[in-house]
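The structure appears below as structure tokens.
Letters A, B, ... mirror the listed sequences (proteins, then strands); counts begin at 1.
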Protein chains: 2
Amino acid sequence: MKHIAESTVRRLSLYLRFLEEYEASGHATISSGELAESGGTTSAQVRKDLSFFGSFGKRGMGYTVKDLSIAIREILGLQRPWSVIIVGAGKIGAALAQYRGFTTRGFRVVGVYDRDPARVGTKLDGVSVRPEAELERDIAKLKPEIAVLCVPAEAAQAIADRVTKAGVRAVLNFAPTPLKVTEGVAMRAVNMATELEILAFGLTNGGALPVR
Amino acid sequence: MKHIAESTVRRLSLYLRFLEEYEASGHATISSGELAESGGTTSAQVRKDLSFFGSFGKRGMGYTVKDLSIAIREILGLQRPWSVIIVGAGKIGAALAQYRGFTTRGFRVVGVYDRDPARVGTKLDGVSVRPEAELERDIAKLKPEIAVLCVPAEAAQAIADRVTKAGVRAVLNFAPTPLKVTEGVAMRAVNMATELEILAFGLTNGGALPVR
DNA sequence: CTTAGCTTGTGAATGATTTCACAAGCCCTC
DNA sequence: GAGGGCTTGTGAAATCATTCACAAGCTAAG
């Protein structure tokens, strides 16, 4: 398959969100222009994004909301559930373990881990925190595809190595440090301090950063 | 000033993090190659990024760790502190209010707000949660530059409108919905479900997404 | 059946970002 | 103070992403 830009995938996720809203509000069809409007982009961009994966609309008519939303879900791989483990049950990890936005999209938190015995055993939204030492055993048993890392920066690389070695194939890293992962493992990072710093840059150098 | 790509600003933030580590570990100078290695990019990229803002190194020698880190801090606007308010004291908002990564970079949380009276009055790392109704009054008084939104999707646009109208000039949005803000307000969004969806795409379409 | 009015899908053009490649410059040694 | 060995800073080239612009195709109306 051709290379798909990350920006395209990100927009698909956004389109899907709007399609679900449209569906809920009773609309049966939608044009690339309307979808673009909701997502803050252009109709050409919407059509181009979709064109990488096939042809989903009807000329003169637009897209069937229901069909397009199924198609995008399929493109993103959301027609099946994904199992997620969260490593680090501090403030952020605990918040994510209970975050509804994950579960509504088919991401199931099947395990939460922490090194601190004081946190082990506490329940987060139905999942008990387990000791970090059990990671390998649990990964072998539960076969989660994705690990979310909410550990301190200095521990992140070691945990990433452990979970990928144990079979996890995708990592979402909230620790403020970049990670190296072996070829074939998908990696994404969310760095909240960096986001604030980009805003600070924007405020400092008014206008140098294209707004959005 | 020329337009600076967001990707450049993001990398600068990353370089700064490494420079701080390097400084702490006693290194006095660093080359673009070493910096690139740590940040997962190329030496040419590092030099190009810096070249937008000036000339900071010595040919043959590399960069003085201390000077470069001061220079980047200045570029990003981090030589001064920034005041931040957090709106929404649910799981995510509360976690962010107590997140050390913000404070260590000079972002001071000066207020946390919630609509739910049950949460009002609770203390988060020294800051009491205040009623959302006080937003405008507090913004006028505290003059925070940045607002972090951790409210439900359906409330986010209304809160964004209120805080920007009251004088906040930058918004970091954690609600899973895109926001429209008036010209001149800096806006960034962190969508955690989207990040997982990008990983799901990567897992589903093995190799279609450049793994970075 | 034909025409009018929309909207898609997509090559081509433009714009943005990254990578290349090398002259210029600095330090250290001899 | 001349030469060797590095490393920066930066135009030019290459790559990647977005926007343009329009033929093709669908529906509804007459």
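- Residue B:R47 is the one, among B:R47 and B:R59, whose nearest nucleotide of DNA chain C lies closer to the 5' end (criterion: closest heavy atom).
- To the nearest angstrom, P of D:dT7 lies 14 Å from CD of B:E37.
- A:S83 and A:R108 form no side-chain donor-acceptor contact under 3.5 Å, judged by distance and modelled atom types alone.
- Taking atom OH of residue A:Y15 and atom P of nucleotide C:dT8, one finds them 12 Å apart after rounding to whole Å.
- Look at A:S51 and you won't find any side-chain N or O under 4.0 angstrom from OP1 or OP2 of C:dG9.
- Ring to ring, B:F102 and B:Y99 are close: their centroids are under 6.0 angstrom apart.
- For the pair A:M61 and A:G54, nearest-nucleotide mapping onto DNA chain C gives the more 5' position to A:M61.
- One can place CG of B:D49 at 10 Å from P of C:dT19, the figure rounded to the nearest angstrom.
- A:Q45 has no side-chain polar atom (N or O) that falls below the 4.0 Å cut-off from OP1 or OP2 of D:dA17.
- Per the geometry, CG belonging to A:L68 stands 14 Å off C1' belonging to C:dG9, to the nearest Å.
- Between the side chains of A:E34 and A:S31, a donor-acceptor pair is found at a separation under 3.5 Å.
- Here D:dT8 presents its C1' atom at 10 Å from CG of B:L50, a figure rounded to the nearest Å.
- The residue A:S7 sits close only to the backbone: its heavy atoms come under 4.0 Å of sugar-phosphate atoms, none of a base.
- One side chain, A:Q45 or A:D49, offers a donor N or O that lies under 3.5 Å from an acceptor on the other.
- Between the CD1 atom of A:I30 and the P atom of C:dC6 there is a distance of 18 Å, rounded to whole Å.
- If you measure from atom CG of A:L35 to atom C1' of C:dC6, you get 17 Å, rounded to the nearest angstrom.
- Regarding contacts with the backbone of C:dC26, every side-chain N or O of B:Y63 stays at 4.0 angstrom or more from both OP1 and OP2.
- Side chains of A:R17 and A:S38: no donor on one and acceptor on the other come within 3.5 Å.
- Nearer the 5' end of DNA chain D, as judged by each residue's closest nucleotide, is the contact made by B:S32, out of B:S32 and A:K58.
- Nearest nucleotide to the side chain of A:K48, out of C:dT18, D:dT7, C:dA12: C:dA12.
- Computed from coordinates, the B:R10 CZ to C:dA16 P distance equals 19 Å when rounded to whole Å.
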